[in-house]
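Quick notes on the structure that follows.
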Amino acid sequence: MPVPPAAEVWTYLALPELRAVGRLPAGVERDDPLPLRPPHLFEPDRRLLLHRLARLPAVREPWLRAIHDRPARRLPH
């Protein structure tokens, strides 16, 4: 069952013009909390991704087949 992202995540992805860019001038302090960020980069579930790719007719395309056939990377814990 699909689950919608949190409002902060949706705003960050959907409305890039609302993102703050650059630094605050010297002597100016923020009065609002910094936006929430995940502690690591997003990485899809490999088994779910392969299952979904295998069901697509487009998986026969070379660029998509390369993603499907790529070995899983093991990240250090």
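From a predicted model like this one, the values you see are computed outputs, not experimental measurements. Along the sequence shown, the residues carry numbers beginning at 1. What you see below is based on every heavy atom in this structure, not just the backbone, and it leaves out hydrogens, waters and symmetry mates.
The side-chain contact (heavy atoms from CB on, under 4.5 Å) search around I67 returns L53, W63, L64, R70, not counting sequence neighbours. Under the salt bridge (charged side-chain N to carboxylate O under 4.0 Å, His left out) criterion, D69 pairs with R65, sequence neighbours left out.
Between the CZ atom of R52 and the CG atom of D45 there is a distance of 10.5 Å, given to the nearest 0.5 Å.
The two residues R46 and H68 come nearest to each other via the heavy atoms NH2-O, 3.9 Å.
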